[in-house]
2 protein chains.
Amino acid sequence: MGITERRLREKEKVRSAILSTAWQMVKEEGWQSLSIRKIADSIEYSVPVIYDHFENKEAILAEFANEGFRLLSKKVQQAKEKHKDPVNQLKAMADSYWNFALKNREYYRLMYGVGMACCEGGSLCDKEGFDYFIMEAIKRAIPKSKQPDAHVCLKYHTFWSILHGLVSIKIMESSPVSGELNKMVLDDAVEGFVKNLA
Amino acid sequence: MGITERRLREKEKVRSAILSTAWQMVKEEGWQSLSIRKIADSIEYSVPVIYDHFENKEAILAEFANEGFRLLSKKVQQAKEKHKDPVNQLKAMADSYWNFALKNREYYRLMYGVGMACCEGGSLCDKEGFDYFIMEAIKRAIPKSKQPDAHVCLKYHTFWSILHGLVSIKIMESSPVSGELNKMVLDDAVEGFVKNLA
DNA sequence: TTACATTTGCTAACAGTGTTAGGTAAAATC
DNA sequence: GATTTTACCTAACACTGTTAGCAAATGTAA
């Protein structure tokens with residue numbers, strides 16, 4: 001009964017051909033330009049074959065997102081295992097999270113839906129105007145030692161990152177985990193930021 | 001010579017009709033389902049008329065993104081003006097940023113490209129697995145007082161927000177502002193977080 | 001070996017999308 | 001009144017995701 005097994009193997013081959021071709025496209029041109037027809041063309045099968053393996057286009061992208069989560073998890077775990085002290089562990093995990101995201105941008109984009117067609121050109125949008133207000137306040141909040149401009153700029157970026165991170169996580173989740181918890185997280189993060197200004 | 005002026009007014013009317021119809025669609029069904037044809041249908045003009053007012057679809061969305069930045073800027077400025085103390089100003093600005101984003105989700109999405117088709121269903125992706133590792137480290141890093149689970153969970157969310165915010169800002173920008181600055185921001189934010197654990 | 005059933009893969013279509021070329025009729029200018 | 005300009009539309013091009021229906025190849029049973 002090796003025949004059906006060979007069949008299964010060949011089916012699996014097609015499936016992984018779809019995935020590898022799709023992933024190459026996503027890496028090279030971004031997830032927005034992934035197309036079922038282009039995949040079919042590349043693996044030299046007709047279009048409906050793809051629908052025998054994946055319910056739709058989104059399912060293919062979800063596959064990559066999940067793979068991204070698995071990879072990230074592993075990296076974070078490995079980073080943690082290199083240290084004993086919990087504070088060092090946290091720092092190492094933050095580092096590995098950071099490294100993973102920047103070395104695997106397309107994974108991260110798929111995982112968290114970051115980056116759209118709009119505003120990718122860079123100068124398409126006027127960017128922020130609030131940077132001035134925030135920086136001014138930071139400048140005054142920092143103890144009157146030297147407070148060089150670079151330091152203020154750094155603190156501004158930190159402040160903004162905290163805000164943006166919290167907001168974009170909150171905005172993504174369909175189930176509103178609990179509005180109060182999120183407000184507490186915001187306050188907690190801002191509190192920590194302010195304390196660390198000193 | 002009021003004729004040409006009336007003409008200009010009427011042209012402006014069409015333009016704003018496009019924008020208001022488009023904005024309604026974006027608000028109701030998300031930016032991904034905005035369609036030139038649907039706009040044309042709604043304003044009772046043919047499709048090419050829209051291209052007399054906007055270079056392409058992206059330009060319409062960019063219009064909204066810019067409007068979002070203007071609105072956010074104003075909100076942040078107003079929040080700041082309500083206080084004198086810089087620390088209170090920072091807290092108020094964080095609050096207003098937060099409120100703006102959650103009350104104007106579609107603006108924020110357009111401004112920063114948050115949220116994609118994929119993973120919007122919620123359970124489409126397995127979400128994270130690293131939450132366990134991080135929470136465990138946090139639990140051990142917190143002074144051995146009470147450390148109720150809620151507190152650990154809160155700290156985990158803060159930690160993650162900081163990471164995600166920094167990463168997604170970094171990933172979006174086309175011009176790599178300076179890799180070193182970003183690494184410093186990460187370290188700064190993590191440092192502040194750890195200090196605030198006590 | 002023949003008859004039926006299943007799997008496999010295809011063509012072709014449906015219903016959309018953004019964008020643009022080219023033509024017509026009305027309005028403004030000369 | 002003739003001519004240019006503007007406003008606007010139809011129709012097409014080149015794509016997209018998705019699916020219905022058919023044909024051939026294969027596997028199973030009588």
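Worth saying up front: this structure is predicted, and the values here are computed from it rather than measured.
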Q | Length of the CD-C1' vector between E55(B) and dG18(C), whole Å | A | 13 Å
Q: Counting heavy atoms from C-beta on, name the nucleotide in dC9(D), dT19(D), dG9(C) closest to the side chain of P48(A).
A: dT19(D)
Q. Testing L163(B), V185(B), N182(B) for side-chain contact (heavy atoms from CB on, under 4.5 Å) with S161(A), which one passes?
A. V185(B)
(Q) dG17(D), OP1 or OP2 - any side-chain N/O from S35(A) closer than 4.0 Å? (A) yes
Q: Could you check how far NZ of K11(B) sits from P of dT6(D), rounded to whole Å?
A: 9 Å
Q: Whole angstrom is fine here: how far is it from CZ in R37(A) over to C1' in dT11(C)?
A: 12 Å
Q | Atom pair distance, as rounded to whole Å: CD in E10(A) and P in dG27(D) | A | 11 Å
Q) Atom CD1 of I36(B) to atom C1' of dT17(C): distance rounded to whole Å? A) 10 Å
Q: Have a look at D52(A) and say if it touches a base, only the backbone sugar-phosphate, or nothing, with a 4.0 Å heavy-atom cut-off.
A: nothing
Q: Compare the minimum distances between each of dT18(D), dT10(D), dT16(D) and the side chain of K38(A), then state the nucleotide with the smallest one.
A: dT16(D)
Q. In whole Å, what is the span from the CD1 atom of I50(B) to the P atom of dG18(C)?
A. 9 Å
Q. Does any donor atom in the side chain of Y108(A) or Y97(A) lie under 3.5 Å from an acceptor atom in the other side chain?
A. yes
Q) Among the nucleotides dG9(C), dT16(D), dT19(C), which one has an atom lying closest to any side-chain atom of Y51(B)? A) dT19(C)
Q | Separation of dG16(C) P from M25(B) CE (nearest whole Å) | A | 14 Å
(Q) Using the ring centroid of each side chain, check whether Y107(B) and F69(B) are separated by less than 6.0 Å. (A) no
Q.
Applying a 4.0 Å non-hydrogen cut-off, can you work out what L34(B) is touching in the nucleic acid: base, sugar-phosphate, or nothing?
A. sugar-phosphate
Q.
Let me spell it out: for each of Y45(A) and K57(B), pick the nucleotide of DNA chain C with the closest heavy atom. Which residue's pick is nearer the 5' end?
A. Y45(A)
Q: Would you mind reporting whether D187(B) and K183(B) have side-chain heavy atoms less than 4.5 Å apart?
A: yes
Q. If you look at every strand shown and take non-hydrogen atoms under 4.0 Å, does I39(A) touch a base, only sugar-phosphate, or nothing?
A. nothing
Q: State which of dT10(D), dA12(C), dG9(C) makes the closest approach to the side chain of V49(A).
A: dG9(C)
Q: Check the angle between the aromatic planes of F193(A) and F159(A) and answer parallel, tilted or perpendicular using the 30° and 60° thresholds.
A: tilted
Q) In whole Å, what is the span from the NE2 atom of H53(B) to the C1' atom of dT20(C)? A) 16 Å
